[in-house]
Amino acid sequence: MKKSLDHLLPSTLLLLAFLFPFARVIAQAQPVPPVQFRTDDPSPRPSSWFATKKVAEGVWCIDDHGSANVYVVTGSDSALVIDTGIGSANLRDYVKSLTSLPLIIVNTHGHPDHSGANYQFGLPVYANARDFDAIRPYNSFRPQSGAASLMTGGATVSQEDAFTDTLNLKPVEMKAVGEGYRFDLGGRTLEVIEVPGHTRGSICLLDAANKILFTGDNDNVLVWLHLPGCAPLETYLSSLEKLVLRSGEFTALMPGHGTPIESSFIDDQISCVKSILDGSCKGEETKTFAGNGRSCTYKKATVLFNPDNLFNSDQ
């Protein structure tokens, strides 16, 4: 039997030698598996201060005791923390219970309910340079501010939620980002879009691949434009119209306050602002803890404005 098979060996080897290069080509042509984002729902540390909800694949929204939204966006290499809330409770360790990825910190603008916990992370903070002066006070430890107390109804942080690691705080480095800057998280990229209005250095962050726009306070159901430091309303209108030009790249808005909104909401905002600028809406007197203004509403959008800061020529 062995003798009868020996004559097949040379031809078998020749066939294998012929097929081997093609086998390598076939193997190399196999598609590369896509980057896998974390799809399990994490179990954050117990907290009476923070609450977390998964709002998109690889995206968690942290409710900072009803005062503001903090977003954690994960790629395969790192996680982007969009805004840091009011800084009253231990946001750092809460975020670290959501993800073990290295963190990148970005502020959409310089108000204390969006940059308040910068001091906790010991990491560079990315923001638009126009808001650096507003942000810097929150890069070092500060007791809960009066504004934070008002926004949380005077709530007291429990011992379990308190940030106590003040002896190990590191100086915070500010890093400037502007139009077109990209955060590469590994398989996920977010692009900076400048939207002056609520502050002169306000930015949005576009995750085009996942059709999400993180808007800071640019696209809340109620937008405050009556504060000192706000750009004229005319400038804000330009920012909204700029976003509409890119509306094919996102379907969901992730605002700094409140729940996700459909991208078509920006059209309501534009109509509201135009009604103020053309005088068809004079607005109603509106009082807030941060000052008074006038407010107009169109469908779902309300804008609180300063009647002395409407046009670029006003300043």
Side-chain angles (χ1 to χ4, degrees), residues 69 71 82-83 106-111 114 127-131 177-182 189-283 293-315:
N69 294 332
Y71 293 97
I82 301 176
D83 290 334
V106 61
N107 292 165
T108 60
H109 61 288
H111 287 158
H114 296 264
N128 189 279
R130 293 184 184 89
D131 276 16
V177 296
E179 187 74 23
Y181 185 95
R182 294 176 182 271
T189 301
L190 283 83
E191 177 189 349
V192 171
I193 301 175
E194 295 184 5
V195 285
H198 182 63
T199 68
R200 293 182 180 273
S202 288
I203 61 172
C204 292
L205 293 150
L206 174 63
D207 181 356
N210 295 285
K211 298 288 188 177
I212 301 170
L213 186 70
F214 299 90
T215 68
D217 280 354
N218 189 73
D219 300 284
N220 297 324
V221 172
L222 167 63
V223 174
W224 283 13
L225 291 162
H226 69 299
L227 304 172
C230 289
L233 193 63
E234 186 178 34
T235 297
Y236 177 62
L237 175 60
S238 296
S239 292
L240 294 174
E241 291 174 336
K242 176 182 180 180
L243 292 181
V244 167
L245 292 175
R246 303 193 63 175
S247 59
E249 298 177 74
F250 55 90
T251 56
L253 307 176
M254 299 291 173
H257 303 269
T259 57
I261 312 169
E262 292 183 359
S263 59
S264 59
F265 169 72
I266 298 175
D267 295 329
D268 293 352
Q269 291 184 290
I270 288 174
S271 295
C272 185
V273 171
K274 285 183 174 180
S275 73
I276 299 168
L277 293 176
D278 67 18
S280 59
C281 182
K282 302 298 183 183
R294 302 188 72 84
S295 62
C296 286
T297 298
Y298 180 85
K299 293 185 178 180
K300 296 179 181 179
T302 299
V303 173
L304 180 57
F305 63 97
N306 175 1
D308 296 324
N309 191 24
L310 299 182
F311 300 98
N312 292 318
S313 58
D314 292 345
Q315 293 187 349

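This is a predicted model, so every value here is computed, not measured.
The minimum heavy-atom distance between Asp219 and Leu253, with the atom names listed, is CB-CD1, 4.2 Å. When every heavy atom of Lys300 is checked against every heavy atom of Val221, the shortest pair comes out as O-CG1, 3.3 Å. Contact between Met254 and Pro260 at its shortest, heavy atoms only, is SD-CG, 3.7 Å. When all heavy atoms are compared, the tightest approach of Leu190 to Leu205 is CD2-CB, 4.1 Å. Considering all non-hydrogen atoms of both residues, Ala231 and Pro196 come closest at CB-C, 4.4 Å. Of all the heavy atoms in Asp83 and Gly216, the pair that sits closest is OD2-CA, 4.4 Å.
Using a 4.5 Å heavy-atom threshold, the side chains of Trp224 and Asp217 count as separate. Looking only at side-chain heavy atoms (C-beta outward), Ile203 and Val106 come within less than 4.5 Å of each other. Counting heavy atoms from C-beta outward, Thr108 and Cys204 have side chains that stay 4.5 Å or more apart. Within the 4.5 Å cutoff, the side chain of Leu233 has heavy atoms near those of the Ile276 side chain. Side-chain contact between His226 and Arg294: absent, with no pair of heavy atoms (C-beta onward) separated by less than 4.5 Å. In this structure, Leu277 and Leu237 have side chains that are in contact, with non-hydrogen atoms separated by less than 4.5 Å.
At distances below 3.5 Å, not a single donor-acceptor pair connects side-chain atoms of Gln269 with backbone N or O atoms of Ala301. Panel note: side chain Ser275, backbone Cys272; a donor-acceptor pair is recorded below 3.5 Å. In this structure, Thr235 contributes its side chain and Gly197 its backbone to no donor-acceptor pair below 3.5 Å. The closest donor-acceptor contact from the side chain of Ser271 to the backbone of Asp267 lies under 3.5 Å. Side-chain atoms of Arg130 never come within 3.5 Å of backbone atoms of Gly201 as a donor-acceptor pair (strictly under, hydrogens ignored). Proximity of a side-chain donor or acceptor of Glu241 to a complementary backbone N or O of Ile270 within less than 3.5 Å is not detected. The main-chain N or O of Asp308 is found under 3.5 Å from a side-chain atom of Asn306 such that the two form a donor-acceptor pair. Without hydrogens or angle criteria, Asn220 side chain to Gly258 main chain gives no donor-acceptor distance under 3.5 Å.
Within the model, atoms CG of Leu240 and CD1 of Ile266 stand 7.0 Å from one another, a figure rounded to the nearest 0.5 Å. A distance of 8.5 Å separates OG1 of Thr251 from CD of Glu262, quoted to the nearest 0.5 Å. In this structure, NZ on Lys211 lies 9.0 Å from OG on Ser263, to the nearest 0.5 angstrom. Note: Ser239 OG to Ile193 CD1 = 10.5 Å, rounded to the nearest 0.5 Å. With rounding to the nearest 0.5 Å, the separation of CD1 in Ile212 from CD in Glu249 is 13.5 Å. Taken to the nearest 0.5 Å, the OH atom of Tyr181 stands 13.0 Å off from the CG atom of Asn128.
Between Lys242 and Glu179, at least one side-chain N (NZ, or NE/NH1/NH2) sits under 4.0 Å from a carboxylate O, which counts as a salt bridge. With respect to Glu191 and Arg246, a salt bridge is recorded, a charged nitrogen being found less than 4.0 Å from a carboxylate O.
For the 3.5 Å distance criterion, the side chains of His198 and Asn218 fail to qualify, holding no donor opposite an acceptor. Asn210 and Asp207 are linked by a side-chain donor-acceptor pair at a separation below 3.5 angstrom, with hydrogens and angles left out of the test.
Residues satisfying the side-chain hydrogen bond (donor to acceptor under 3.5 Å, both in side chains) criterion with Ser202, sequence neighbours excluded, are Thr199.
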Step by step, would you call Cys281 with Cys296 a disulfide bond (SG atoms under 2.5 Å apart)? CA-CA 6 Å; Cys281 182; Cys296 286; 2.0 Å; yes
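Sorted by first then second residue, the ring-ring contact (aromatic ring centres under 6.0 Å, His included) pairs that include residues 229-267, not counting sequence neighbours, are His114-His257.
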